[in-house]
Protein chains: 2
Amino acid sequence: MEKLKQKILNDGRVLSENVLKVDSFLNHQVDPFLMKEIGDEFANRFKNQVITKVLTLESSGIAPALMTALALGVPLIFARKKNSLTLQNQDVVTAEVFSYTKQETNTIAVSKKFVNANDKVLIIDDFLANGEASLGLIRLIEQTGAEVIGVGIVIEKSFQIGREKLENAGYHVESLARILSLKNQQIQFVTEEVLQR
Amino acid sequence: MEKLKQKILNDGRVLSENVLKVDSFLNHQVDPFLMKEIGDEFANRFKNQVITKVLTLESSGIAPALMTALALGVPLIFARKKNSLTLQNQDVVTAEVFSYTKQETNTIAVSKKFVNANDKVLIIDDFLANGEASLGLIRLIEQTGAEVIGVGIVIEKSFQIGREKLENAGYHVESLARILSLKNQQIQFVTEEVLQR
């Protein structure tokens, strides 16, 4: 998605060979017009499949996932990172997700009321790195008997193992920007020329 | 906002005299069309004021706030509930917010990069009860020198003290649904007839 790549080149900041900071338009400050285009793009990429629900993980996934749900005309569900008071008394499925960024394990949960065996679920997340969050969301869905249609990622760090893990497990992954490398303070996209920053 | 009230009556669940659960369309599963209408309604209610940023608090505020930002054509910022690895090394303003629901105090933070003294900020949140979250967001904004234009609330529990605290402090509050009482398993709106569930 060309506009997203340009935004990453213009506003993203390379903090290290592994860390790209996009808090000016995606995960702290959010560009609502870009999110709208991202939602339309995901809907387009999965247009030939039946999708009944969009699932993401709070918090940074919510904005792109909401716009995807709007474009597809289906509800969004955001998995909660720990049992809040209003979730803990109901019937939930849970999974453990390790965050390499924060070096902590979170329990994520979805109420069984909102995902059932008839659902066909598209997972949307802001980043794909090691695949832990996406795999956690997949484990949630599969406990309900619902089908995972695919995984839509805004920014994929293709030099990490997440896509390979998801594809090896048989899941369809669509990433709107695929980053090959962050070495030498350069953002290099997969199949794209290296663009000097 | 009539459609929101109908949704609350149809899908909300009264768990106690203080707790209304709306996790089927607002804070776990999210209805994207309703969020779009909510965003348009907030933009309409504040249409005579200059607004440069929308601010909310992760996670449940993000969906209505994103749609408000889209309708207003300005960026959304969501305050983070604790310092993540990617926030902690930058210049942030912070405030303490006590959650009565969860019985815990969270530090919330916004990067100074994204709110400055020239900004005119509209706060959006899903619920107004005791006003702690809104007042925390106001304290964040005012530390940056920016101006608080007003506070837009999806569901106000008018029998709690939040609105009074905000208005006494001089802030303009617009709530799309104002709940007078949850007694006897009935949802009663302010200025509306009591509707038997």
Listed partners of E147(B) passing salt bridge (charged side-chain N to carboxylate O under 4.0 Å, His left out), at least two apart
K120(B)

Between M35(B) and L76(A), is the side chain to side chain contact (heavy atoms under 4.5 Å, CB included) condition met? List the steps.
CA-CA 11 Å; M35(B) 294 306 117; L76(A) 162 69; over 6 Å; no

Contacting region of V74(B) [heavy-atom separation from chain A under 4.5 Å]
backbone

Okay, V54(A) and chain B: the region with an atom under 4.5 Å from a heavy atom over there is neither

Where is the tightest heavy-atom contact between P75(A) and P32(B), given as atom of each residue plus distance?
CA-CD, 4.0 Å

Looking at A65(B), A71(B), S24(B), which has the largest count of heavy-atom pairs under 4.5 Å with chain A?
S24(B)

Check S60(A) against F78(B) and note the closest heavy-atom contact, atom names and distance.
OG-CZ, 4.1 Å

Which atoms of L26(A) approach chain B - backbone, side chain, both or neither, heavy atom under 4.5 Å
backbone

When you group the ILVMFWY residues by side-chain heavy-atom contacts below 4.5 Å and let the links chain together, are I138(A) and I161(A) in the same group?
no

Distance in Å, Q29(B) CD paired with S111(A) OG, rounded so as to fall on 0.5 Å steps
9.0 Å

How long is the gap from CD on E58(B) to NZ on K81(A), to the nearest 0.5 Å?
7.0 Å

For the CG atom of D31(A) and the CG atom of L70(B), what is their distance to the nearest 0.5 Å?
9.5 Å

Using heavy-atom distances under 4.5 Å, tell me whether S99(A) contacts chain B through its side chain, its backbone, both, or neither.
neither

Distance (rounded to the nearest 0.5 Å) between L57(A) CG and S59(B) OG
8.5 Å

Hey, is the main chain of A79(A) close enough, under 3.5 Å, to the side chain of H28(B) for a donor-acceptor pair?
no

Please rank L72(B), L34(B), L55(B), L66(B) by heavy-atom pairs under 4.5 Å with chain A and give me the top one.
L66(B)

Evaluate M67(A) against K36(B) for side chain to side chain contact (heavy atoms under 4.5 Å, CB included), listing each step before the verdict.
CA-CA 10 Å; M67(A) 292 305 190; K36(B) 180 75 171 60; over 6 Å; no

